[in-house]
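Everything below concerns the one structure shown next.
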Amino acid sequence: MLEEQTNTHCGSESGGFRTIQTFGGRSLVVECWGYWDDQTSAAFARGPVTALERTGTALEFTLDAALLKPQSSAGQDALRGFLKRLAEKKPSKVDVRVSNVLTQMQLTRLLREAGVESVQFANPSSGAPPARAR
């Protein structure tokens, strides 16, 4: 039996995000791309947090940031706020897909500041196994 899921989409082709959550709350995927304007950053500060609040225990979280560009302070603040809420949930698994080195450096710092632990980074185009965040 397939699990039902809910999707939300925000932004445009040049910058935005989408959340994919399975009912039952065990899996949450947030896909992010482009460079966020102030409206997209503000929407991110609300949207994925709502999905995160509906998740259960033993949460498996994936941040697909393979197409995300380094963000301005507004985008970073939105990401940091979400990641702090994620850390409070104590997810059982956190995977981050990223292909831009500068974005990876930014996300590594934001994850550390938010207190998210046991993060696995993967470069979707390399085929290499995920690297552990330090």
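Keep in mind the model is a prediction, meaning the values are calculated, not measured.
Atom NZ of residue K84 and atom CG of residue L79 lie 12.5 Å apart, to the nearest 0.5 angstrom. Here the CD atom belonging to Q76 is positioned 11.0 Å from the CG atom belonging to L83, to the nearest 0.5 angstrom. Interatomic distance, CG of L28 versus CD1 of I20, reported as 9.0 Å (0.5 Å rounding).
When side chains are defined from C-beta on, N100 counts as touching P70, because their heavy atoms get closer than 4.5 Å. At least one side-chain heavy atom of P91 sits under 4.5 Å from a side-chain heavy atom of L86. Using a 4.5 Å heavy-atom cutoff, the side chains of W33 and L68 are not in contact. Contact annotation: the side chain of L107 approaches that of L63 to within less than 4.5 Å [non-hydrogen atoms, C-beta and beyond].
Heavy atoms only, all atoms of each residue included: S41 and A78 are closest at O-CB, 3.3 Å. T19 and P48 get closest at one heavy-atom pair: CG2-CG, 3.8 Å.
Checking side-chain atoms of E117 against main-chain N and O of K90 turns up no donor-acceptor pair under 3.5 Å. With hydrogens and angles disregarded, no donor-acceptor distance shorter than 3.5 Å links the side chain of K93 to the backbone of S118. In this structure a side-chain-to-backbone donor-acceptor pair under 3.5 Å is present from Q71 to K69. Judged by distance alone, the side chain of Q21 and the main-chain N or O of A51 form a donor-acceptor pair under 3.5 Å. Side chain of S99 to backbone of A66: a donor-acceptor contact under 3.5 angstrom is found. Judged purely by atom type and a 3.5 angstrom limit, S92 uses its side chain to pair as donor or acceptor with the backbone of L59.
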Practice task
Output, in order, the C-alpha distance, side-chain angles, deciding distance and verdict of side chain to side chain contact (heavy atoms under 4.5 Å, CB included) for V30 and R18.
Solution key: CA-CA 6 Å; V30 176; R18 177 170 77 135; over 6 Å; no

Practice task
Please assess W36 against F44 for the test ring pair (Phe, Tyr, Trp, His ring centres under 6.0 Å), listing each intermediate value before the final yes or no.
Solution key: CA-CA 9 Å; W36 296 348; F44 187 86; 4.7 Å; yes

Problem - Test side chain to side chain contact (heavy atoms under 4.5 Å, CB included) applied to Y35 and S72, step by step - result: CA-CA 8 Å; Y35 183 79; S72 68; 3.0 Å; yes

Handout entry: side chain to side chain contact (heavy atoms under 4.5 Å, CB included) assessment of F121 paired with L111
Key = CA-CA 11 Å; F121 277 91; L111 286 157; 3.7 Å; yes

Problem - Steps toward side chain to side chain contact (heavy atoms under 4.5 Å, CB included) verdict (K89, T55) - result: CA-CA 9 Å; K89 285 288 225 180; T55 61; 3.0 Å; yes

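In this structure, D95 does not pair ionically with R97, as no charged nitrogen and carboxylate oxygen lie closer than 4.0 Å. Contact check on E53 versus R85 returns a salt bridge, with a Lys/Arg side-chain nitrogen under 4.0 Å from an Asp/Glu carboxylate oxygen.
Counting only residues at least two apart or on different chains, no salt bridge (Lys or Arg N to Asp or Glu O under 4.0 Å) pair has a member in residues 32-49.
Note: the hydrophobic cluster containing V29 does not contain L67 (ILVMFWY, side chain heavy atoms under 4.5 Å, direct or indirect links).
Checked against a 6.0 Å centroid threshold, the rings of F82 and F17 do not count as neighbours.
Every residue two or more places apart in sequence or in another chain that forms a salt bridge (charged side-chain N to carboxylate O under 4.0 Å, His left out) with E113 is listed here: R80, R109.
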